[in-house]
S.K.: 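Please see the structure below; I have some questions.
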Amino acid sequence: MPKTTFKERVLNIVKNIKKGQILTYKEVARLAGSEKAWRAVGNILNKNQNKKIPCHRVIRSDGKIGGYNKGAKIKKELLLKEGALIKNGKMVLL
DNA sequence: CATTTGACGCCAA
DNA sequence: TTTGGCGCCAAAT
């Protein structure tokens, strides 16, 4: 059985995000087991950004897009295209 | 092993 | 309301 490190847990959670679902770094960190590890979460995604991981579905708590290796703008467009909507700085599903 | 980095979050002014 | 600064964790160097 795997040791499931924090990094692996985070990647697994992000990978498990459904279409149209958006989570904040803080939420992901909390699901991963460390509510205050949001910083590490962003770093982990940044260094892993694997194709299987829809890291573009993870945004900041402020409702801002945050960053993306391919470009934050593209990230936002991807989210809107998938059916996600950001309203009043919050994530809203269709 | 110690220090810096980083796709962040929240509080104070 | 907006801007600045501090705090936090894990990984990289």
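Computed from a predicted model, the values in this text were never measured in an experiment. Order of the sequence lines fixes the chain letters, A, B, ..., with proteins taken first and strands second; residue numbering starts at 1 for each chain.
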S.K.: Starting at CD of A/E35 and ending at C1' of C/dG7, how long is that distance when rounded to a whole Å?
M.R.: 14 Å

S.K.: In the structure I gave you, are the side-chain heavy atoms of A/I59 and A/L79 within less than 4.5 Å of one another anywhere?
M.R.: yes

S.K.: Say you draw a straight line from CD of A/E27 to CD of A/E35; how long is it, rounded to the nearest 0.5 Å?
M.R.: 8.0 Å

S.K.: If the condition is side-chain hydrogen bond (donor to acceptor under 3.5 Å, both in side chains), which residues does A/R57 pass it with, not counting sequence neighbours?
M.R.: A/E82

S.K.: Mind checking whether A/T24 and A/W38 have side chains closer than 4.5 Å, heavy atoms only?
M.R.: no

S.K.: Are A/V58 and A/L78 linked, directly or through intermediate hydrophobic residues, by side-chain heavy-atom contacts shorter than 4.5 Å (ILVMFWY only)?
M.R.: no

S.K.: Using a cut-off of less than 4.0 Å, is there contact between a side-chain N or O of A/R60 and OP1 or OP2 of B/dG9?
M.R.: yes

S.K.: If I take atom CG in residue A/D62 and atom P in nucleotide C/dT3, what distance separates them, rounded to the nearest angstrom?
M.R.: 12 Å

S.K.: Look at A/K26 and B/dC10 and indicate whether a side-chain polar atom (N or O) is within less than 4.0 Å of OP1 or OP2.
M.R.: yes

S.K.: Same hydrophobic cluster for A/V14 and A/F6, using side-chain heavy-atom links shorter than 4.5 Å among ILVMFWY?
M.R.: yes

S.K.: Could you state the CG-C1' distance from A/L78 to B/dA7, rounded to the nearest angstrom?
M.R.: 15 Å

S.K.: For nucleotides 8-13 of chain C, give me one character per nucleotide, 5' to 3': B if any protein heavy atom sits under 4.0 Å from the base, S if the only such contacts are to the sugar-phosphate, - if neither.
M.R.: BBBSS-

S.K.: Consider side chain to side chain contact (heavy atoms under 4.5 Å, CB included). Of A/N12, A/L11, A/N16, which one does A/I53 pass it with?
M.R.: A/L11

S.K.: Measure CD1/A/I13 against C1'/B/dA7 and give the value in whole Å, please.
M.R.: 17 Å

S.K.: Would you say A/R9 has more than 12 foreign heavy atoms packed within less than 6.0 Å of its CZ?
M.R.: yes

S.K.: What dot-bracket string describes DNA chain C from 5' to 3', counting Watson-Crick and G-U wobble pairs whose defining distances are under 3.5 Å, with [ ] for crossing pairs and | for pairs to another strand?
M.R.: .||||||.|||||

